[in-house]
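Quick notes on the structure that follows.
So you know, we letter chains A, B, ... as the sequences are listed, proteins then strands, and number each from 1. What you are looking at is a predicted structure, and each value in this text was computed from that prediction instead of being measured.
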Amino acid sequence: MRVTGTIDLLPSQMRLYNKICETFFAICKLYGYEEVATPILEDIRVFDRNLGLETDVVSKEMFFLEKKQDETLVLRPENTAGVMRLCQEGGLFQKLPQRLAYYGPMFRYERPQKGRYRQFHQFGVECIGVASYMADVENIQMAVHFMQEIGLAELTELEIHTLGSESERDAYKQALHDYLLPYKNELSENSVRRFDKNILRVLDSKNVHDQKILETAPVMRNFLQMESAKYFDNILESLENFGISYTVNPFLVRGLDYYNQTVFEIKTPALGAQSAVLGGGRYDGLAQQFGEKTPTPSIGWAAGMERLFLLAQEHQTLSVPPRKNIVIIAMTEAFDQEAQKYASLLRKEGIACLTVHEGTLRKRMKIASRLEAKYTIIFAPKEMENKTAILRDMMRSEERILPLADLIITVKKHYDT
RNA sequence: GCGGGUGUAGCUCAGUUGGUUAGAGCGUCAGUUUGUGGCAUUGAAGGCCGUGAGUUCGAAUCUCAUCACUCGCCCCA
């Protein structure tokens, strides 16, 4: 009985899964991002105020653990706040800039759906302490690069927007509120809810009448001061120069309160309702929540492993290498020891090797085949009399008889070809 | 939290207006000159028809409940 909202991964799936992980960390290495790890368990205070008390993630989606005295523990619902905590407690804010990466399980108590699970895994990167817009560009470039490397570039697209500074955003929200208020009883039920909860989300309404009202609504762009506008334009210009295509989505609103200025998402139409596979943005104010005296320019993103995995699996965008095992078959028990001995020798050479001890030769060959054997070595009575063994190339269906003394060196020679 | 759909073999699914021993394909296992895998072929095993109650002479099939999965809404990765 699997717990609701969790998934198992079979060996065959795990290979693709690991390939995605390896790709992520290879990208991190190329951009100079170092891996960190924080606990899955955190004090609730890491998240509640920092993500926003009114956000869904905090208000209804966290897994609580039994209270011990006056501390309340939760399973982390995301990891940007956790990384900020790590930076503070590990003294990393003293040595800026920091470029950090993480991977691990996150937990949100939601209704499971395709690509949405209660335990899911996020890849994330955070660039802390670089105020230049080049940090944004680098970060986004990295995200796009990651998509390309796992073959999802064709299936996804980048959307970007800016929320401006906190004061600019507040001014805009106020203006939007003032504009929409007279229309409030005309708005769709959904938009009314958004009006009260997160007014920017009203902009994203699919309702035709709502859209008509929104046609003449104030736009964010006009509330940006010179500095913010220039910052955003610089990013867009750079993306174009680097050949990264994007769509400016003025309705892009992120679900966590700590974002300011640049926000972006990588979306796919191929996953049903779960269109976002990666999301991120700037969060210059978050470090202060963890004790920094002044705003610390920071930007990062997180990608959902399960969503990437589903896309890569369904669209077969990533090839996983064959296992390339060597399988040793001892045809009679008398050769078991010998088989193990040669298996050990091969492993010492860094070559993956298994032995098969049960059943008829036919049966054992089937097992070797299923183990994706590149070569099968057969220790058979007739050949063993002359200190030789059979080496079978499973792909080519060719065999030859080799002196035992040449076995290791021959396999080693052909293993990587 | 709110809607819709589906639960039959390891997997993907059939199962006719309720009617005797519940089927297929794939997979598994065992054979097909007992010293050779993939292909082909023969055969076998494998199901409390999600769970509980009800209607009925009789339920995989109808009703209710419950659980799980799934797709949307909301939100997000």
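Across all strands shown, A/Leu278 has heavy atoms under 4.0 Å from sugar-phosphate atoms exclusively, and none from any base. Using a 4.0 Å heavy-atom criterion, one finds that A/Glu265 contacts no nucleic acid atom at all. A/Ile378 comes within 4.0 angstrom of a nucleotide base, judged by non-hydrogen atoms across all strands. Nucleic acid contact for A/Tyr117: base, since at least one base atom lies under 4.0 Å from a heavy atom of the residue. A/Glu110 comes within 4.0 angstrom of a base, heavy atoms only. Counting any heavy atom pair closer than 4.0 Å across all strands shown, A/Arg193 reaches sugar-phosphate atoms only and no base atom. Using a 4.0 Å heavy-atom criterion, one finds that A/Arg201 contacts the sugar-phosphate atoms exclusively. At the heavy-atom level, A/Leu308 lies nowhere under 4.0 Å from the strands shown. A/Ala302 comes within contact range of the sugar-phosphate backbone alone, with a heavy-atom separation under 4.0 Å but no base atom that close. Backbone-only engagement by A/Thr4 is indicated by non-hydrogen atom pairs under 4.0 Å involving sugar-phosphate atoms exclusively. Counting any heavy atom pair closer than 4.0 Å across all strands shown, A/Gly280 reaches no nucleic acid atom.
Of all the residues in residues 18-42 of chain A, not one reaches under 4.0 Å from RNA chain B with any non-hydrogen atom. Listed by residue number, there are no residues of residues 135-152 of chain A with a heavy-atom contact under 4.0 Å to RNA chain B.
Among pairs with a residue in residues 364-391 of chain A, those fulfilling side-chain hydrogen bond (donor to acceptor under 3.5 Å, both in side chains) read A/Arg15-A/Glu372, at least two apart in sequence or across chains. The salt bridge (Lys or Arg N to Asp or Glu O under 4.0 Å) pairs that include a residue from residues 313-327 of chain A are A/Lys114-A/Glu314, A/Lys324-A/Asp416, where partners are two or more places apart or lie in different chains. Residue pairs satisfying the ring pair (Phe, Tyr, Trp, His ring centres under 6.0 Å) criterion with at least one member in residues 313-333 of chain A, sequence neighbours excluded, are absent. Residue pairs satisfying the salt bridge (Lys or Arg N to Asp or Glu O under 4.0 Å) criterion with at least one member in residues 403-414 of chain A, sequence neighbours excluded, are listed as follows: A/Glu349-A/Lys412. Applying the ring pair (Phe, Tyr, Trp, His ring centres under 6.0 Å) test to residues at least two apart or on different chains, the pairs with a partner in residues 177-218 of chain A are A/His177-A/Phe195, A/Tyr179-A/Tyr183. Screening residues 118-133 of chain A for salt bridge (Lys or Arg N to Asp or Glu O under 4.0 Å), with sequence neighbours left out, gives no hits. The ring pair (Phe, Tyr, Trp, His ring centres under 6.0 Å) analysis of residues 154-176 of chain A, with sequence neighbours excluded, yields the pairs A/Tyr172-A/Phe223.
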Check: residues 24-35 of chain A side-chain donor-acceptor pairs under 3.5 Å, at least two apart:
residue, atom, partner, partner atom, Å
A/Tyr31, OH, A/His145, ND1, 2.8
A/Tyr33, OH, A/Glu138, OE2, 2.5
A/Tyr33, OH, A/Asn139, ND2, 3.2

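For RNA chain B, the stems formed by at least three consecutive Watson-Crick or G-U pairs, with both atom-pair distances below 3.5 Å, span B:1-7 with B:67-73, B:10-13 with B:23-26, B:28-32 with B:40-44, B:50-54 with B:62-66.
With P as the reference atom, B/U61 and B/G7 are 11 Å apart, rounded to whole Å. Using atom P as the reference point in both B/C48 and B/G52, the two lie 12 Å apart (nearest Å). Nucleotides B/U17 and B/U21, compared at atom C1', are 23 Å apart to the nearest Å. Taking atom C1' in both B/A53 and B/A9, one finds a spacing of 27 Å when rounded to whole Å. Across B/U8 and B/A45, the matching P atoms stand 23 Å from one another, rounded to whole Å. Spacing between B/U6 and B/A60 at atom C1', rounded to whole Å, works out to 14 Å. For the P atoms, the distance from B/G19 to B/G10 is 25 Å, rounded to whole Å. Straight-line distance between the C1' atoms of B/G47 and B/A24: roughly 14 Å, to the nearest whole Å.
Between A/Ile7 atom CD1 and B/C69 atom P there is a gap of 13 Å when expressed in whole angstrom units. Distance A/Ile329 CD1 to B/G35 C1': 11 Å, rounded to the nearest Å. Rounded to an integer number of Å, the gap from A/Glu399 CD to B/G35 C1' is 9 Å. When rounded to the nearest whole Å, the span between CZ of A/Phe335 and C1' of B/G35 equals 12 Å. If you take CZ of A/Phe120 and C1' of B/C75, they are 11 Å apart, rounded to a whole angstrom. Put simply, CG on A/Asn79 is 13 Å from P on B/A77, counting in whole angstrom units. If you measure from atom CZ of A/Phe264 to atom P of B/A77, you get 11 Å, rounded to the nearest angstrom.
Below the 3.5 angstrom threshold, one finds a donor paired with an acceptor across the side chain of A/Glu383 and the base of B/G35. No N or O donor and acceptor, one from the side chain of A/Arg364 and one from the base of B/G37, sit under 3.5 Å apart.
Nearer to the 5' terminus of RNA chain B, by closest-nucleotide assignment, is the contact made by A/Met395 (compared with the other of A/Arg2 and A/Met395). Where A/Arg111 and A/Ile367 each meet RNA chain B at their nearest nucleotide, the meeting point lying more 5' is that of A/Arg111.
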Would you tabulate the pairs of protein nitrogen or oxygen atoms and nucleotide nitrogen or oxygen atoms of nucleotides 26-34 of chain B closer than 3.5 angstrom?
residue, atom, partner, partner atom, Å
B/C29, OP1, A/Lys363, NZ, 3.2
B/U32, O4, A/Arg362, NH2, 2.0

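The CZ atom of A/Phe242 sits 11.5 Å away from the CD1 atom of A/Ile140 when rounded to the nearest 0.5 Å. In this structure, the separation between CD1 on A/Ile20 and NE2 on A/His121 is 12.5 Å, given to the nearest 0.5 Å. Interatomic distance, CG of A/Asp136 versus OG1 of A/Thr162, reported as 9.0 Å (0.5 Å rounding).
The aromatic ring centres of A/Tyr342 and A/Phe379 sit less than 6.0 Å apart. A/Phe146 and A/Phe123 have their aromatic ring centers within a separation under 6.0 angstrom.
Taking only side-chain nitrogens and oxygens, A/Gln113 never comes nearer than 4.0 Å to OP1 or OP2 of B/U70. Taking side-chain N and O atoms only, A/Arg116 has no distance below 4.0 Å to OP1 or OP2 of B/C71.
Side-chain contact annotation: A/Arg85 with A/Thr38, donor-acceptor N/O pair under 3.5 Å absent.
You'll find the side chain of A/Met220 stays beyond 4.5 Å of the side chain of A/Phe232, heavy atoms only.
Between A/Phe93 and A/Met84 the shortest heavy-atom distance is CE1-O, 3.7 Å. Closest non-hydrogen pair, A/Tyr283 versus A/Asn260, comes out as CA-OD1, 3.4 Å.
For A/Arg194, whose side chain is taken as the heavy atoms from C-beta onward, the closest listed nucleotide among B/C75, B/G37, B/G35 is B/C75.
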